[in-house]
Amino acid sequence: MEEFIFSLNKTNKIVLKIDSKNEVYREGMILHYFDQCEVYLILDRKEYLVFNDYLTEGIKSFCNTLKLVLANEYPIIEEHFELGEGYFTNEDIDSDFFLPVLSPIWMSIGKDIHALWLYNYKNKIYLELSPIYPHHSSEITPCSKTYDEFRMDYRLDYRTEIEHSLLECWLEQSQGILDSLQI
């Protein structure tokens with residue numbers, strides 16, 4: 001298992017865990033497009049799974065979003081900032097009409113679904129972690145919350161401003177991973 005760490009500060013970080021095909025060379029593991037990749041946001045020892053799919057999908061999404069926010073070209077709608085993009089993404093998924101929402105970098109699948117965004121707001125860059133209602137397209141079990149109950153209790157999990165220079169380091173590191181992938 002190969003790990004790449006994108007630090008936010010001393011206790012918070014994004015960790016890419018890559019299950020490679022176990023081929024080793026002098027500098028480490030050879031990474032392939034279709035290696036399985038899990039991405040976690042770790043906040044003070046609490047882990048949130050935000051992605052579990054092919055490495056190429058995860059790293060391309062990350063690189064592309066980093067490029068957009070570094071160029072100040074991925075703004076959140078002013079009205080969405082207070083509640084967070086996750087709230088409006090839940091509303092968009094649950095409604096029959098289209099809401100203008102940003103795509104998350106990563107979104108997990110399963111019982112506890114979380115999504116991670118990077119976006120611009122008033123010329124600053126923010127990272128947001130939000131819960132996603134797990135039953136938008138599935139049957140609700142008797143002990144599950146309804147969407148209305150979920151919405152009433154909704155709180156974004158985490159949001160922080162990130163310095164431009166830190167994202168430039170993340171882009172260099174993630175672009176290096178992307179460039180090293182083999183078929």
Side-chain angles (χ1 to χ4, degrees), residues 2-18 37-93 99-134 136 150-151 153-179:
E2 186 86 9
E3 285 191 6
F4 294 92
I5 296 174
F6 298 85
S7 294
L8 288 158
N9 55 43
K10 289 183 180 185
T11 59
N12 301 332
K13 58 191 169 192
I14 295 171
V15 178
L16 275 72
K17 295 182 180 183
I18 302 164
C37 175
E38 291 181 344
V39 180
Y40 294 88
L41 177 62
I42 300 174
L43 302 172
D44 299 320
R45 296 191 199 116
K46 182 166 172 122
E47 288 187 0
Y48 295 89
L49 176 66
V50 294
F51 181 81
N52 185 359
D53 204 340
Y54 293 125
L55 174 57
T56 187
E57 295 298 322
I59 203 69
K60 278 184 181 178
S61 178
F62 193 40
C63 285
N64 291 339
T65 304
L66 286 168
K67 289 173 186 175
L68 287 170
V69 296
L70 283 167
N72 201 29
E73 294 177 356
Y74 208 54
I76 188 173
I77 295 172
E78 175 110 20
E79 294 80 24
H80 290 197
F81 188 76
E82 185 179 334
L83 291 173
E85 197 65 6
Y87 178 85
F88 291 95
T89 296
N90 278 294
E91 290 287 289
D92 180 55
I93 295 169
L99 290 174
V101 294
L102 298 174
S103 295
I105 307 170
W106 297 302
M107 185 166 24
S108 62
I109 308 171
K111 183 181 173 195
D112 293 320
I113 303 173
H114 288 87
L116 194 68
W117 284 265
L118 272 172
Y119 50 73
N120 304 102
Y121 180 68
K122 295 187 176 182
N123 294 315
K124 295 181 180 177
I125 300 169
Y126 291 88
L127 178 78
E128 174 188 321
L129 175 73
S130 292
I132 302 297
Y133 183 65
H136 280 299
F150 171 85
R151 185 174 50 201
D153 295 338
Y154 181 84
R155 302 284 179 275
L156 63 90
D157 292 309
Y158 179 75
R159 178 168 45 210
T160 190
E161 184 181 339
I162 300 180
E163 293 297 319
H164 201 273
S165 59
L166 180 61
L167 289 189
E168 288 173 340
C169 293
W170 288 6
L171 179 58
E172 184 178 328
Q173 183 180 358
S174 60
Q175 190 66 53
I177 295 167
L178 183 59
D179 293 344

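Side chains included, hydrogens not; waters and symmetry mates left out as well; all remaining heavy atoms used.
Within a 6.0 Å sphere centred on CD of E82, other residues, nucleotides and ligands contribute 12 heavy atoms or fewer. By the neighbour-count criterion of 12 heavy atoms within 6.0 Å, atom CD of E172 is sparsely surrounded, having that number or fewer from other residues, nucleotides or ligands. Enclosure of atom OH in Y54 is not indicated, since only 12 or fewer non-hydrogen atoms of other residues, nucleotides or ligands lie within 6.0 angstrom. Atom CD of E47 has more than 12 neighbouring heavy atoms from other residues, nucleotides or ligands inside a 6.0 Å radius.
For the atom pair CH2 (W117) and CD (E85), the distance works out to 6.5 Å, reported to the nearest 0.5 Å. Note that the CG atom of L83 and the OH atom of Y154 stand 8.0 Å from one another [nearest 0.5 Å]. Atom CG of residue L167 and atom OG of residue S174 lie 9.5 Å apart, to the nearest 0.5 angstrom. One finds the CG atom of D157 at 7.5 Å from the NZ atom of K46 (value rounded to the nearest 0.5 Å). Taking CD of E161 as the reference point, atom CG of L166 lies at 11.5 Å (rounded to 0.5 Å). Taken to the nearest 0.5 Å, the OG1 atom of T65 stands 12.5 Å off from the CD atom of E73.
By the 4.5 Å heavy-atom criterion applied to side chains, I59 and F4 are not counted as neighbours. When side chains are defined from C-beta on, Q175 counts as touching K67, because their heavy atoms get closer than 4.5 Å. No side-chain heavy atom of L16 sits less than 4.5 Å from a side-chain heavy atom of F51. In this structure the side chain of C37 reaches within 4.5 angstrom of the side chain of I18, judged on heavy atoms. Residues L156 and Y87 fail the side-chain proximity criterion, which asks for heavy atoms closer than 4.5 Å. In this structure the side chain of E38 reaches within 4.5 angstrom of the side chain of L49, judged on heavy atoms.
When only modelled atom types and interatomic distance are considered, S130 and E128 share a side-chain donor-acceptor pair under 3.5 Å.
Not a single donor-acceptor pair under 3.5 Å links the side chain of N120 to the backbone N or O of A71. In this structure, S61 contributes its side chain and E57 its backbone to no donor-acceptor pair below 3.5 Å. N12 places a side-chain N or O within 3.5 Å of a backbone atom of D44 that can act as its donor or acceptor partner. A donor-acceptor pair under 3.5 Å links the side-chain atoms of N90 to the main chain of G86, judged by distance alone.
Looking at every heavy atom in both residues, F62 comes nearest to I105 through CA-CG2, 3.8 Å. Heavy atoms only, all atoms of each residue included: K13 and S7 are closest at CB-CA, 3.9 Å. In this structure, Y119 and R159 approach most closely via the heavy-atom pair OH-NH1, 3.0 Å. Nearest approach of L70 to H164, heavy atoms of both residues: O-NE2, 3.0 Å. The two residues L118 and I125 make their nearest non-hydrogen contact at CD2-CG2, 4.1 Å. Here the closest non-hydrogen pair linking P131 and R155 is CD-O, 3.5 Å.
Under the ring-ring contact (aromatic ring centres under 6.0 Å, His included) criterion, Y121 pairs with F81, not counting sequence neighbours.
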Exercise. When you look at I76 and Y126, which way does the side chain to side chain contact (heavy atoms under 4.5 Å, CB included) test go after all the steps?
Worked result: CA-CA 10 Å; I76 188 173; Y126 291 88; over 6 Å; no
Problem set entry | Test side chain to side chain contact (heavy atoms under 4.5 Å, CB included) applied to I14 and L116, step by step | CA-CA 10 Å; I14 295 171; L116 194 68; 4.1 Å; yes
Exercise. Where do L43 and L129 land on the side chain to side chain contact (heavy atoms under 4.5 Å, CB included) test, with the steps shown first?
Worked result: CA-CA 10 Å; L43 302 172; L129 175 73; 4.2 Å; yes
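Ring geometry, F6 versus W170: the interplanar angle exceeds 60°, so the pair is classed perpendicular (tilted spans 30 to 60°).
A salt bridge links K122 with E78: at least one charged nitrogen is closer than 4.0 Å to a carboxylate oxygen.
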